[in-house]
Amino acid sequence: MSIKSTIATATAGAARWGLRSVLHRSGGALPGKLGLAIDPELVTHLACLLDAGVVITGTNGKTTTTNLIADAVAASGASCVCNRAGNNMETGITGALLEANSDRRRTAGKRRVGVFECDELYTVRILPRLKPTYFVLLNLFRDQLDRYGEIDHTQDVIAQALALSPTTTLIFNADDPLCASIAARVPNPQLPFGIDGAVGTETSHIAESRFCGQCNGPLEYDYIQYGQLGAYHCPSCGWERPRLASFASDVRLSRTGYTFDVSMSREGAHDAARLSTKYNGLYMVYNITAAWTAASALGALDDAPSRFQNVLDTYVPTGGRMTRWHVGGREVATDLAKNPVGFDRQIQQIKTAQGRLMAFFLNDAEADGRDVSWIWDVDFERLSATPGIRAFVGGTRAHDLQVRLKYAGIDARIVGQVGEALASVAGEPADETLHVVANYTAFPPVVKELERMAENGAAANGDTTAVNDASTAVDGTAEHVPTSMVNSADEAALSNAAGTPEAGASAPAALDRPLRIVHLYPDALNLYGDGGNAIVLARRCAWRGIPVRVDDVRMGDELDLSTADVVLIGGGADRDQLAVVNELRSQRDKLASYIEQDGVMLAICGSYQLLGRSYYMDDTRVEGLGVIGAETVRGEGRLTGNVAVASDLFPHKLVGFENHGGRTKLDADETPLGAAVVAGTGNNGDDGFEGCVHRNLIGTYLHGPALSKNPDLADWLLARALERRAHAGDAKAAALVPLAALDDAYEHAANEAAIKLLG
């Protein structure tokens, strides 16, 4: 090592000794931070300690997969160097290497294997310096869009990292087209893994992208496991899921968990084993398959591939994940979920367990991501028909969760901590489990409180006021709910006591045909929870007894706006938005005619941009549809954060979250939706305006989704749609205006809480 790295190592060692011996703390990432401050290339100098190494990344499952591989390596007799605590940025990985350096004498003569969890965006710093033997890519899902950016950016970073470490073998989830498209871009040796055959135990409407990684055409699936994971092919160019080198098969789910075969062929060798896990989420089958593949490739299972079962049997999740607690005579099941797919997997498990007691905690700290729009892509509707459901919400964004659950047909009570939820269900049968799911920074306080309560052996204490059971009444006036958001089994769950019209409201006259909401391309423009706008409109109609149907128009479908009453279109990743632009160009006159005939429309973010004359994708100017007088140009950085808008159209400020790089300039004859309350935000960060009102079209950058905390805006769209029907001679539609008042206490509370966030 160089003099600089020697000094860095010594300084970090002294810091670690002081933290542990004097302050009695674990040390965390501080030694690594100090070492890197002295020698930024410290990882390169310490990499020589390792005989082999593997780096694990992906949106979900990093910590579990890393620890399973580390356990297998340790069980093989090798010395394992691992950042088990989950410090997965450069400082944490450096700290683990520094620890190994201080243990060189103790581990002399042993094979040293590095097993490192790595944040996706830090792979480009770690791989070129560490040059690991293997790199495991688990999956790519939407996560912290305000920090990571769109998934395209994450893909670019990982591909660059691999290109800078060309000898590293890529072990990737071939069932995920987003991972497979990275593999297609890099020259590294590769080991594709996945699940061979449809499991059929879980599905979800959430998919980050189902577009071809080569030609950007829509993918076709032989089967889908969940999200965008499955067996796919592109009918346009022939690109398909790579042939699996390692795979799980004969996957069976029982009351005790999953059992399945794993098999891998490489370099003339063939490894196989029958494995079982007590955890019943299909994501664990993927995590275990990835871990088994990496452990086998590292040689940790050379003498007995089936020995990995011992690793699974003794595995204990870290930090309270997948944990069962016994507190006050009740079992509490806790797990962490930090994005739509993770939450959806937890809902699947609650549903499988027939759970009816549940608490969800949501924070919006920097580590979580400030934008919580994604909760509208979580399929809470699957729980709405649960008899006697008792639901609680907490965290800094409890009000957002309360609104989300309301529109899923679940009346949830806000609690300050998990003990309060426990106390509220004290009168429920003791054999019923309280299921607790929390996101990144909300989870440790939940675990800490349960640890304290379990250690004290005390009954849960807190507010014992009973919470009302959620309504699961059926309102038959709603013909259809967005298929992209709600399972067909839950389509009828459209009524909730918190949203019914105020007492005394007159019963509305039935329409000759349902109010038709057309949701454009939810399969492509699904990045920021904008599909929630369809849910909000459908529920608000149903609560008023107004017949409603939502038609999803997907890529390749015929666009029929002849009977459309409201058109919704959301935001998406650049490549998905480009596919929509190409699709809509042939439909441009049809869409323009609808708008100029006072058709009601809500366009969000990227779709707002494409309705103008042009916008930019990276450095490329893309021709828009030219329906509104607007140009979107490039700007320095992104406009990202919570925003509020004062509009003359509405009594309350509009609130939401913006995340866009383009700067939209309206023509002088176009009317902005309102003025951004927060300086430096809105259409372009300069003129103070946000959004656009063009006849009955509203374009805006507000995610949230836009209608969830802005009921005035939702009702404006519905009222304009009914008025348009009335002007066309529909007397029954005219009788519905003005709209019957609803109890919007939850929505207004969420709106006020959002404004408080702005200071």
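Count residues from 1 along the sequence.
- Under the rule for a salt bridge (Lys or Arg N to Asp or Glu O under 4.0 Å), the partners of R125 that lie at least two apart in sequence or sit in another chain are E90.
- Screening residues 129-139 for salt bridge (charged side-chain N to carboxylate O under 4.0 Å, His left out), with sequence neighbours left out, gives E41-R129.
- Scanning all heavy atoms of the two residues, the minimum distance from L68 to A291 falls at CB-CB, 3.8 Å.
- Taking the charged nitrogens against the carboxylate oxygens, D71 and R84 do have a contact shorter than 4.0 Å, which makes a salt bridge.
- A salt bridge between D119 and K62 is absent, with no side-chain N of the basic residue lying under 4.0 Å from a carboxylate O of the acidic one.
- Every ring pair (Phe, Tyr, Trp, His ring centres under 6.0 Å) that Y232 has, sequence neighbours left out, goes to Y221, W239.
- We find that K110 and D51 are not joined by a salt bridge, their nearest charged nitrogen and carboxylate oxygen being 4.0 Å or further apart.
- L336 places a side-chain heavy atom less than 4.5 Å from the side chain of Y440.
- For residues 286-297, there are no salt bridge (charged side-chain N to carboxylate O under 4.0 Å, His left out) pairs, not counting sequence neighbours.
- By the ring pair (Phe, Tyr, Trp, His ring centres under 6.0 Å) test, F360 pairs with F380, sequence neighbours left out.
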Item to complete: Tell me, with the steps shown, if L229 and Y286 meet side chain to side chain contact (heavy atoms under 4.5 Å, CB included).
Response: CA-CA 10 Å; L229 276 58; Y286 278 108; 3.7 Å; yes
Discussion item. Apply side chain to side chain contact (heavy atoms under 4.5 Å, CB included) to residues L639 and T681 and explain how you reach the verdict.
Written reply: CA-CA 6 Å; L639 301 181; T681 65; 5.7 Å; no
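- Between Y283 and Q225, the side chains place no donor N or O within less than 3.5 Å of an acceptor N or O (distance only, hydrogens not considered).
- With sequence neighbours left out, the salt bridge (Lys or Arg N to Asp or Glu O under 4.0 Å) criterion links D175 to R241.
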